[in-house]
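Atoms within each ligand, like the ligands themselves, are counted from 1 in listed order.
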Amino acid sequence: MTDAAKVSVDGKDFDYPVMSGTVGPDVVDIRKFYAQTGDFTYDPGFTSTASCQSKLTYIDGDEGVLLHRGYPIGELAEQSSFMEVAYLLLNGELPAADELSQFEHTISRHTMVHEQLATFFRGFRRDAHPMAILCGVVGALSAFYHDSTDIHDPVQRTIASHRLIAKMPTIAAMAYKYSVGQPFLYPDNSLSYTGNFLRMTFGVPAEPYEVNPAVEKAMDRIFILHADHEQNASTSTVRLAGSSGANPFACMAAGIACLWGPAHGGANEAALNMLREIGTPDRIPEFIARAKDKNDPFRLMGFGHRVYKNYDPRATVMQKTVREVFDALKVNDPLFDTALRLEELALSDDYFIEKKLFPNVDFYSGVILSAIGFPTSMFTVLFALARTVGWVAQWNEMITDPDQKIGRPRQLYTGPTQRSYVPVGQR
Ligand code: CMC
């Protein structure tokens, strides 16, 4: 650890304090850099910039480590539940038994949505992408729950956080039901968070629905794997939107919009579509060659990560979960074999080895979700449902951070310098 970083600008030396976290790289505090030097720093994509301090999640991308409040993701995925992880992320510690049951009770009492919201759904085309619906409906929650939009009131912040976590499964299931033309199902609070979601998605009012415990467990684990991932693009979007004082529902809608992109949450949909396009293992070399070709925009979806330069620990759990779901449902999707072979071939290819490209969380999730019965268009919705916990926890942390300011990056201007307006007839 160093005490200060020295920077020389135009022959003048400046010292910048170095801050240390509990683990991970130190950061150079450049907050006074512009005031002292008159220059900005340049870092598109924030590859070297820490945008905040956070106690929630730690990633060591070189070692393939992911910790939530210090607990390894593998242990949480194996031994915990999504509700427990949600409590952990929100409150900093694992709950005692009574705290957990109180939290589950509170969340289950917020699962219904305002009845008027169903009418809102009907304004969408039937073939609307469920992410488009989710984005619109979650943003619209701010018009329905006025009593929890004062971000300066900690009680309102807590209620908004619980509402968002509780209502996401209901809204996600409604988006699905709307797309297949089936009636919406009200929540059944006697079920678990995840069981309730499965019933609202796959049940119908005409028949009783029995939750398959193995599928419920697998789905809950998938939610845990997606719960938080420190300052990724959508979380940073939520923080940036929230930094202006926007209400939490609007901030979550911004996060959902960002998550939708194929380089982020949309990759699970893209990964399964890619596996379907590849089809059989004999065609894999052709696609690997395309991924390596600089003149071809094609990339192996579900491969590579900004932070992980090693196996994504979430992908390890996900690969194991595929087999569990297949066994429980007595299915065997040949695309899983294609995925395993693709991983094997890519990981022995110099291009992927040199660039440290490994399977990420999205590589296997599509195969599982498809086996459970979700259409590909729902994959990113499930990601958003789970990530809501992380977004909400990060948003709360940001609001209470004394260093928090409105996010306002600077730029290197490369456009024209000042010039005079020329009337249209003289151009
Ligand atoms: N297939 C082929 N080449 C790749 C891939 C890939 N999937 N990913 C990165 N590369 C190459 C890239 O072409 C570049 O090569 P070069 O240095 O010769 O120009 C090099 O690896 C570095 O890539 P980058 O785009 O500069 O890295 P990044 O950190 O900006 O991008 C990424 C990370 C996740 C956007 C990228 O790896 C990617 O597009 N992967 C496919 C999409 C995907 O699976 N996304 C899900 C991410 S995990 C879930 C989530 O957190 O949302």
Colleague: Which pairs of donor and acceptor atoms, one on a side chain in residues 250-258, lie under 3.5 Å apart (sequence neighbours left out)?
Modeller:
none

Colleague: Enumerate, one pair per line, all nitrogen or oxygen atoms of ligand 1 lying under 3.5 Å from a protein nitrogen or oxygen, stating the separation to 0.1 Å; write 'none' if no such pair exists.
Modeller:
from, atom 1, to, atom 2, distance (Å)
ligand 1, 1 (N), Leu300, N, 3.1
ligand 1, 3 (N), Tyr351, OH, 2.9
ligand 1, 7 (N), Leu300, O, 2.7
ligand 1, 7 (N), Phe303, O, 2.9
ligand 1, 13 (O), Arg299, NH2, 3.3
ligand 1, 18 (O), Lys294, NZ, 3.2
ligand 1, 18 (O), Lys355, NZ, 2.8
ligand 1, 25 (O), Arg299, NH1, 3.0
ligand 1, 25 (O), Arg299, NH2, 2.9
ligand 1, 29 (O), Arg306, NE, 2.8
ligand 1, 30 (O), Arg306, NH2, 3.0
ligand 1, 39 (O), Arg299, NH1, 2.8
ligand 1, 40 (N), Phe303, O, 2.9
ligand 1, 44 (O), Gly302, N, 2.8
ligand 1, 44 (O), Asn360, ND2, 2.9
ligand 1, 45 (N), Ala263, O, 3.2
ligand 1, 52 (O), His264, O, 3.2
ligand 1, 52 (O), His264, ND1, 2.5

Colleague: Do any N or O atoms from the side chain of Thr235 and from the backbone of Gln231 form a donor-acceptor pair under 3.5 angstrom?
Modeller: no
Colleague: Taking only residues two or more places apart in sequence, or in another chain, which ones meet Asp282 in a salt bridge (Lys or Arg N to Asp or Glu O under 4.0 Å)?
Modeller: none
Colleague: Establish, yes or no, whether the cationic atom of Lys330 lies under 6.0 Å from the six-membered ring centre of Phe326 and within 45° of the ring axis.
Modeller: no
Colleague: Could you name each residue pair satisfying ring pair (Phe, Tyr, Trp, His ring centres under 6.0 Å) that touches residues 257-289, not counting sequence neighbours?
Modeller: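 Applying ring pair (Phe, Tyr, Trp, His ring centres under 6.0 Å) to every pair that reaches into residues 257-289, excluding sequence neighbours, yields His129-Trp260, Phe287-Phe298.
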Colleague: Under 3.5 Å, side chain of Tyr178 to main-chain N/O of Phe184, donor-acceptor pair present?
Modeller: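 No, Tyr178 side chain to Phe184 backbone: no donor-acceptor pair under 3.5 Å.
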